[in-house]
*Asks:* 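The structure that follows is given in the form of structure tokens.
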Amino acid sequence: FSFSGTAKGRKPDQRKHRRGDLSVSYELVSSMASPHGREGEVCALAVSPNGDTACTLSRQEDAFRIWSKKTTYSQTGVASVMWKCLYKVKTPAGFANLLSDNTGSSPGQHVVEFSSDGSVLSVCYGTHITLWDHTNATLLNSLTSNGMNIQHVHFLTRDDDYLLLSSETEIAIKSPFGGSGRSSYLGNDEWSVDMTAFG
């Protein structure tokens with residue numbers, strides 16, 4: 001995967017362009033070849049809010065990996081970004097088939113997400129949501145979506161007290177840690193809506 005931005009000490013318009021190229025205000029500053037090996041495609045990616053940690057998920061490797069970013073600067077001030085794999089977590093027992101059936105089957109899926117403070121990582125496997133302390137690869141909690149084949153997951157509020165889940169036909173709200181009652185507008189409620197009911 002790759003990230004883009006402007007390197008320190010270099011303006012975007014200083015780059016040379018071929019005739020007919022479009023002028024863009026960004027440039028490639030980091031890339032990673034084969035983060036899951038030669039055969040392992042990346043089927044989901046998330047970057048922590050501070051941009052220093054990333055998670056990649058591969059159904060071919062049957063695992064997700066956590067990456068840490070390190071930026072160094074040359075004497076001329078040009079930034080060099082390197083990503084180091086901190087660890088790999090194999091798909092938990094019983095979830096492998098769910099990952100194969102669901103993730104990557106359609107474009108635009110978002111089944112990996114960091115909480116807004118970056119402390120919790122959510123990885124979805126079919127109808128299951130797993131919550132991880134990514135600093136030490138500890139599984140914090142596992143939830144089920146009651147049959148919904150999850151294609152998108154997002155932490156809903158700054159306090160990270162609810163998850164927004166969606167599939168092709170359904171949306172749902174789930175409490176990641178069992179409904180603490182901290183939400184100012186949802187209380188302890190969890191709900192789902194089947195969109196096919198609306199035509």
*Asks:* So, K90 side chain and E61 main chain: donor-acceptor pair closer than 3.5 Å or not?
*Replies:*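 Yes; judged by distance alone, with no hydrogens or angles, the pair exists.
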*Asks:* I'd like to know if the side chain of Y87 reaches the main chain of H134, judged simply by a donor and an acceptor atom lying under 3.5 Å from each other, with no hydrogens or angles considered.
*Replies:*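 A pair under 3.5 Å: yes.
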*Asks:* Does any N or O in the side chain of T138 come within less than 3.5 Å of the main-chain N or O of L140, such that one atom is a donor and the other an acceptor?
*Replies:*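 Such a contact is absent between T138 side chain and L140 backbone.
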*Asks:* State, to 0.1 Å, how close S48 and D52 come at their nearest heavy-atom pair, and which atoms those are.
*Replies:*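 It is OG-N, 3.5 Å.
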*Asks:* I need the Y125 OH to T91 OG1 distance, nearest 0.5 Å.
*Replies:*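 Y125 atom OH to T91 atom OG1 measures 4.5 Å (nearest 0.5 Å).
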*Asks:* Locate the shortest heavy-atom distance separating I171 from M148; write the atom from each residue and the value.
*Replies:*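 Taking every non-hydrogen atom into account, N-SD, 4.3 Å.
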*Asks:* How long is the gap from NE2 on H154 to CD on E113, to the nearest 0.5 Å?
*Replies:*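 With rounding to 0.5 Å, NE2 (H154) is 6.0 Å from CD (E113).
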*Asks:* First locate atom OG of S115, then atom CG of L156, and finally report the distance between them rounded to the nearest 0.5 Å.
*Replies:*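 Spacing of OG (S115) from CG (L156) equals 13.0 Å.
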*Asks:* Would you check if the side chain of S142 reaches a backbone N or O of T130 as a donor-acceptor pair within less than 3.5 Å?
*Replies:*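 Such a contact is absent between S142 side chain and T130 backbone.
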*Asks:* Look at the aromatic rings of W132 and F64 and report parallel, tilted or perpendicular, splitting at 30° and 60°.
*Replies:*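 Ring orientation of W132 relative to F64: perpendicular.
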*Asks:* Determine the minimum heavy-atom distance between T144 and I129, stating which atoms define it.
*Replies:*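 Minimum heavy-atom contact is C-CD1, 4.3 Å.
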*Asks:* With a 4.5 Å cut-off on side-chain heavy atoms, are S116 and F155 touching?
*Replies:*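 No; the side chains remain at least 4.5 Å from each other.
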*Asks:* Out of curiosity, H110 NE2 to L45 CG, how far, rounded to the nearest 0.5 Å?
*Replies:*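 Atom-to-atom, H110:NE2 and L45:CG are 8.5 Å apart.
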*Asks:* Pick from L165, I150, L164: which one makes a side-chain contact (heavy atoms from CB on, under 4.5 Å) with K174?
*Replies:*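 Going through L165, I150, L164 one by one, the side-chain contact (heavy atoms from CB on, under 4.5 Å) with K174 is satisfied by L165 alone.
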*Asks:* Identify the heavy atoms of W67 and T56 that sit nearest to each other, and give their distance.
*Replies:*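 The answer is NE1-OG1, 3.0 Å.
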*Asks:* Of the options L163, V112, V123, which is the one that meets V153 in a side-chain contact (heavy atoms from CB on, under 4.5 Å)?
*Replies:*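 Result: among L163, V112, V123, L163 is the only option passing the side-chain contact (heavy atoms from CB on, under 4.5 Å) with V153.
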*Asks:* Starting at NZ of K70, measure out to NZ of K84 and round the result to the nearest 0.5 Å.
*Replies:*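 Reported value, rounded in 0.5 Å steps: 8.5 Å.
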*Asks:* To the closest 0.5 Å, what do you measure between CG (N50) and CG (D117)?
*Replies:*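 Rounded to the nearest 0.5 Å, the CG-CG separation comes to 10.0 Å.
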*Asks:* Under the criterion side chain to side chain contact (heavy atoms under 4.5 Å, CB included), I'd like the reasoning laid out for T72 against M82: C-alpha separation, chi angles, the key distance, then a yes or no.
*Replies:* CA-CA 8 Å; T72 58; M82 296 185 64; 5.8 Å; no
*Asks:* What's the shortest heavy-atom distance between W83 and G51, and which atoms?
*Replies:*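 Taking W83 first and G51 second, the nearest heavy atoms are CH2-O, 3.7 Å.
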*Asks:* Restricting to non-hydrogen atoms, name the atom on P49 and the atom on G118 that form the minimum distance, rounded to 0.1 Å.
*Replies:*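 Answer, listing the atom of P49 first, then G118: CD-CA, 3.9 Å.
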*Asks:* Quick one: list whatever passes side-chain contact (heavy atoms from CB on, under 4.5 Å) with S68, sequence neighbours left out.
*Replies:*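 Result, side-chain contact (heavy atoms from CB on, under 4.5 Å) vs S68: L86.
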